[in-house]
Each structure stands twice: as C-alpha cells, then as structure tokens.
Engineer: 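Quick one: structure below, then a few questions.
Note that these values count all heavy atoms, side chains included, but never hydrogens, waters or copies made by symmetry. Only a predicted model underlies this, so the values are computations on that prediction, with no experimental measurement involved.
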Amino acid sequence: MATNGYESGLKMIEELTTNAEQIQDEVLREILSRNAGTECLRGFLSQTDKQLFKKNVPIVTYEDLRPYIDKIVNGETSDILLAEPITGFFLSSGTSGGQPKLMPVTAQVAKKWELFRCLSESPVIKHFHDINQASKRMELMFARPEIETPSGLKAASVSTSKYNGSKFRTLLPKLYTSPIETIFCPNPNHGLYCQLLFGLIQRDEVVKVGSLFASTVLRGIKFLENHWQELCYDIKTGRLSDWITDSGFRNSASLIMKPNPEQADLIENICNCKSWERIIRKLWPEARYICCICTGIIRQYTTELEFYCRGLPLVSAVYACSEAICGINLEPLCKRSDVSYTFLPNMAYFEFLPVKNEPDGSIEMKSNDEDTELVDLVNVKAGQCYELVVTTCAGLYRYKVGDVLMVSGFYNNAPQFQFVERKNVILSVDQEKTSETDLFKAVTEAKALLDPLGFILTEYTSYVDTSSAPGHYVLFWELKEKEDKHCKELDPKIMVECCFRMEESLHYTYKIYRKRNIIAALEIRVVKQGSFEALMEYCVSKGTSLSQYKKPSCIKSEEALKILDSRVIGKYFSPKSPL
C-alpha cells in the first residue's frame, strides 16, 4: 500500500467507526434483502425488518447449518443458503465431528477480505512507514493443497486462498523473500528450511519478519537453532543441501544463490554465541517489527518469542477467522497485554451474547436455554464479556463463532475488544469448569518459580485424567535451559511447588472441590524437548495446515496423548489441597 493509500485507509477507518450504527443497519438490510427468500431463512423472515430478524431468526451453530452446507458440497445449488453464488469454501481450523468446518465463500467475501487487508495495513504503515518501498518481508508461509468437493467447488484455508491469488503471486517476488514453491511444499520442514535460507541470503533487505501466528515464528527460530550450521554451509558454497530434492526448490535456489563466504561467516558468528537473546534483531538488522497474531491461546508463546526478538515490537494486527472478518489493531505499538481490536462495522452484522463475569475473574457461559437478548455492536458495555455472534453475506445468520471477547473501550462509536478465550476450551472433572484463561493465569503464576533456576517453559497443554477416581488435571510441560548448557537438573521440590502454585491460582470452585477430594492432586508431566514439535508434525500429517496450526490447550485425541506420554521424563504432584 502506497503512502497515499494508507492515508485513505485511515480516513475510511474514521468514517466507518464514526458511523458504526448506521453502517451496521445497512449491512443487515442488504444481507436480508438478498437472502430473505432462501430456504434457510424463508420460514423465519419475509421482510428486512431488523426487529423481526432479532425476534424470529434463531441463534445457530455449525451443526445447525451443516445440513445446508453438506447439500451444497454434494452438488445442490447454493440458493438454499444464500442468493449469491458460492465460489468455494474456507476450511476452518476448527472441526465438527472430526472434520474441518466448511465456510461458504462468495465474490463479495473475497472483496471484503481484500479491503480488510488494505485497512489493516494502514495503522502499521502509519507507525513503521511503507515497508513495500525497496524492502522485503521474511514471512514464514505454508499452504495446504486445495480440496475438491463433490460439487466441484474447492475448499482451502483463508491463508492458502490468499497465496493462490493472482495478486499475491504477482507481488511475491518483489515483496517477499520466499519463492512460491517453498510456500506450497508438501514437506513443511523442507519449506521451512528453504524459507529461512532465502531469508538469510536477503537479510539486509528484510524490514519485516513474521507469520500468521507467533507460534510459527517461534518454531522457525527453534528450527534455525538446530540447522544454522547447515544453512551457513549452503550460503558459503552457493548450493542447496542435497536432502532438499524438490526440483522447484532447486531451480528457485539457482536463481538466488551464489557462493558468499563472507555472509556465511557473519551469520555463523552471530549464531555461534552464548545466548540467542535478540537473535532476530542480529540476523535481520533492518527489521522494524515482527507481525504475527499474539492473542488468545497463542499468547503463551510470546514470552519466549520476546526473548529472541528483544528490541523489536510484536505487532498483532488483526482479528479475523474463517467465519467472519472482525477487527484491526489501531495501536500496533501497544503492549501485547493491551492489544485490542476495533471492529469494522462494514464487514458483517455483529451481535453479542452477554457472558457473566465471576468475582474470581473467571467467566460463566449462558446456557442455550436462557432467553438472553443479544446486544448490538454499538450498545456493548466497557468491561463486559460477550460471545461473538455474526450474520454475514456468506450465508451465516446469527452464527455463534465461539469466541469470548471483552470490551476494552471505544474508538469513535465502534467498540474495541480484547480476545479472552475460545468457548468450551475447558477442563472439568466434576461440575467445576476451568477455562483457557483460568489455565493460562495459573501456568503464568507457576512458571515464575522456574526463572531463578534458569529454565523457561516453552510449551504446555493439558487434559483430565479420569483413569482413576477421583480424576485430576494433568499438565504437560516442555522446558528449556535459558543458556542451552544442558547441564542443569530440575529440582523436584520446585516442580512440586509449581503444581501447588497452579492449584492456588485456579478458581474458587476448583479449590473447594480439591478440599472435598472431588478432584485429586494436579499433576505436571515434564516432557523432553521436541515433544510438542512431534505433536505438531502428527497434526500436520493428518491434514492440518502448518500456517493454521494452533497447539491445543486441552488434549482430546488419544493419539496426541500417546505422543506426549511416550516422551515424559518426570512426573510431579501437588503435595496438598490449596485451601
């Protein structure tokens, strides 16, 4: 986006947020006028009246829409769900019945995504200037093959759809360090190796480092820790390693690579250091920021990532999903704990289901049976938590996305939200409900005990073990020494204290149940390094896109559980009840 483009983007954001209520009404009116006659809405609606819509159209989940989507997937016309022709599907990172959710895509959806990407760049360019001028981005990008449905319509993730676009492919050689072949590589490790290699070769041109999620950036740096010597050898000799056999990679490499022993020696000296703190800044000295999503479940990766990127801001620029485009971060330089997304009222019609804030900081979801009135975008209250409900031009009508958000303030007349958690991502032995946020807070308190010992918690997940009664919470922790000396040993007393600190930090109901022996002592299982890498590789082998992979905060797959359990090197239990 050119400088005048970013200024026009900021102007549009001002207009949209100032006229939020009017624009929301217009968006709903347009959606209803187009689709009121579809099979999905016909029984509930005959007009475009907003109040009739709120009164008659039920709140739905994917399971409610699945019969319509399945029919379209299998060849029926899309007008059973929406009037505009469906051009394909987005594959959601969430699943239904073990299968990826399919979200309809139309020409209008594609236009909204294009506008959204332009608008989201405007605040970033305002702070960091136009990075498209004579500079490049080293972004770690991974695509999965499109899936052809029985109808002939294709399904792909949002990111893969972007990478397949003609505009992206045209701009790729000019703006990015990675050739297209590395993005569509069927072997993620081969693709990652080559993307890092080409990023290092062009290191003096790189002004932006990033990926879709902070977890992917962190994985790239850890991969670099294990392969920097080989990468330096490739740069020194001007030849791609023999184990990279893909002809497309080798052809791309031949256009970029030439022997450069000076560059290789420089990179080798940087990598062959005692500590990798600030390594991103050292390897890419012209980089201005790191762009990746850092909120929600991904926030657990940011502490370690900040160690590697010290001195560079982490910019979490957008909040969007396969179901709907939502908001942008107008303050890209804010602290990661303060990241808020200003909702754009022209992207969808937004409603919000109130969520009860408990005194202990946890939240309680309203049951589906409660007759709770949804709140419009402009009428939400600061400090209140809500579950997001969207109506879109792609056939989602009062659809529960499953995200819980908290109103952090307003920009003009549009609310700003902080992501709290995914609904239903919880642990529960009995009647207690421990949310993703509850778990994150407890882990944060406990891992502080590791700092004086020189250890960093790099990954964690959880599950409920009910193989014996009473059941108990199990946390899998992967740890790493700060200085990679591999000579320190974990103090069992400290790990036991970590278990107790977690229990102390969990909510009141959990502690009551522990006191009554309804829940047994919390357990931490330490796994060897590389365990979560193995978990990710398993998920990718089952069809998950590396770009969309988010480590689960709670393990529900037996196979995933076996992968982690087979790598346990220590088990520790809380010594007493927290009350």
Engineer: Within a radius of less than 6.0 Å around CD of Gln108, do more than 12 heavy atoms belonging to other residues, nucleotides or ligands occur?
Structural biologist: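 Enclosed.
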Engineer: Test ring pair (Phe, Tyr, Trp, His ring centres under 6.0 Å) on Phe352 and Phe417 and set out the steps.
Structural biologist: CA-CA 12 Å; Phe352 299 87; Phe417 292 90; 4.9 Å; yes
Engineer: Show, in sequence, the C-alpha distance, side-chain angles and deciding distance for Thr392 and Tyr397, and conclude whether the side chain to side chain donor-acceptor pair (under 3.5 Å) test is met.
Structural biologist: CA-CA 7 Å; Thr392 73; Tyr397 311 112; over 6 Å; no
Engineer: Check step by step if salt bridge (charged side-chain N to carboxylate O under 4.0 Å, His left out) holds for Glu459 and Arg219.
Structural biologist: CA-CA 11 Å; Glu459 304 265 14; Arg219 179 175 181 265; over 6 Å; no
Engineer: Tell me every residue that passes side-chain contact (heavy atoms from CB on, under 4.5 Å) with Val378, counting only those two or more places apart in sequence or in another chain.
Structural biologist: Ala20, Glu21
Engineer: How would you list, by chain and number, every residue that makes a side-chain contact (heavy atoms from CB on, under 4.5 Å) with Thr342, sequence neighbours excluded?
Structural biologist: Thr17, Leu330, Tyr411, Ala414, Gln416
Engineer: Distance-only, no hydrogens or angles: does the Lys136 side chain make a donor-acceptor pair with backbone N or O of Gly199 under 3.5 Å?
Structural biologist: no
Engineer: Classify the ring geometry between Tyr163 and Phe168 as parallel (under 30°), tilted (30 to 60°) or perpendicular (over 60°).
Structural biologist: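 The arrangement is tilted - the two ring planes meet at 30° to 60°.
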Engineer: Please name all residues satisfying salt bridge (Lys or Arg N to Asp or Glu O under 4.0 Å) with Arg398, sequence neighbours left out, ordered by chain then number.
Structural biologist: Glu351
Engineer: Could you tell me whether Lys54 and Asp376 have a side-chain N and a carboxylate O separated by less than 4.0 Å?
Structural biologist: yes
Engineer: Within 45 degrees of the axis of the six-membered ring of Tyr460 and under 6.0 Å from its centre: does Lys551 put its NZ or CZ there?
Structural biologist: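 Lys551 over Tyr460 ring: yes.
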Engineer: Would you give the length of the straight line joining atom CG of Leu82 to atom CD1 of Ile72, rounded to the nearest 0.5 angstrom?
Structural biologist: 6.5 Å
Engineer: When you measure from the centre of the six-membered ring of Tyr289, is the NZ or CZ of Arg137 closer than 6.0 Å and no more than 45° off the axis?
Structural biologist: no
Engineer: Return yes if a side-chain donor-acceptor contact under 3.5 Å exists between Asp438 and Ser435, otherwise no.
Structural biologist: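 Per modelled atom types, Asp438 and Ser435 side chains form a pair under 3.5 Å.
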Engineer: Is it true that Thr177 and Gln202 share a donor-acceptor pair across their side chains at a distance under 3.5 Å?
Structural biologist: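 No, no side-chain donor-acceptor contact under 3.5 Å.
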Engineer: Run the numbers on Ser211 and Glu139 for side chain to side chain donor-acceptor pair (under 3.5 Å), then give the verdict.
Structural biologist: CA-CA 5 Å; Ser211 189; Glu139 294 191 29; over 6 Å; no
Engineer: Do the ring centers of Phe350 and Phe343 come within less than 6.0 Å of each other?
Structural biologist: yes
Engineer: Taking only Lys NZ, Arg NE, NH1 and NH2, and the carboxylate oxygens of Asp or Glu, determine whether Lys400 and Asp64 approach each other closer than 4.0 Å.
Structural biologist: no
Engineer: Any salt bridge between Glu148 and Lys154, counting N to O under 4.0 Å?
Structural biologist: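 No.
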Engineer: From Ser316 OG over to Ile293 CD1, what is the distance, rounded to the nearest 0.5 angstrom?
Structural biologist: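 Output value for this atom pair is 6.0 Å.
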Engineer: Look up atom CG in Leu396 and atom CD1 in Ile69, then write down how far apart they are to the nearest 0.5 Å.
Structural biologist: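 It is 7.0 Å, given to the nearest 0.5 Å.
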Engineer: Which of these passes side chain to side chain contact (heavy atoms under 4.5 Å, CB included) with Tyr349: Glu30, Lys50, Glu26?
Structural biologist: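 That would be Lys50.
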Engineer: Any salt bridge linking Arg203 with Glu286? Criterion: basic side-chain nitrogen under 4.0 Å from a carboxylate oxygen.
Structural biologist: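 So Arg203 does not pair with Glu286 through a salt bridge.
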Engineer: Rounded to the nearest 0.5 Å, how far does CG of Asn19 lie from CG of Asp25?
Structural biologist: 11.5 Å
Engineer: Should the pair Lys111-Glu84 be classified as a salt bridge under the 4.0 Å nitrogen-to-oxygen rule?
Structural biologist: no
Engineer: With rounding to the nearest 0.5 angstrom, report the OG to CZ distance, Ser159 to Phe213.
Structural biologist: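 One finds 8.5 Å between OG of Ser159 and CZ of Phe213.
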Engineer: Decide side-chain contact (heavy atoms from CB on, under 4.5 Å) for Thr38 and Leu81; before the verdict, give the C-alpha distance in whole Å, the side-chain angles of both, and the deciding distance to 0.1 Å.
Structural biologist: CA-CA 6 Å; Thr38 61; Leu81 186 62; over 6 Å; no
Engineer: Closest heavy-atom contact between Ser340 and Gln418?
Structural biologist: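 Heavy-atom minimum between the residues: OG-CG, 3.3 Å.
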Engineer: For atom NZ of Lys282, is the number of surrounding heavy atoms from other residues, nucleotides or ligands below 6.0 Å larger than 12?
Structural biologist: yes
Engineer: Could Glu7 and Lys11 be called an ion pair, given the rule that one side-chain N must be under 4.0 Å from one carboxylate O?
Structural biologist: no
Engineer: Using only heavy-atom distances, determine whether the side chains of Tyr319 and Asp403 contain a donor-acceptor pair under 3.5 Å.
Structural biologist: yes
Engineer: Are Arg336 and Glu306 within salt-bridge range, i.e. N to O under 4.0 Å?
Structural biologist: yes
Engineer: Taking Arg299 first and then Glu421, would you say they form a salt bridge - that is, a charged N and a carboxylate O separated by under 4.0 Å?
Structural biologist: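 Answer for the salt bridge query: no.
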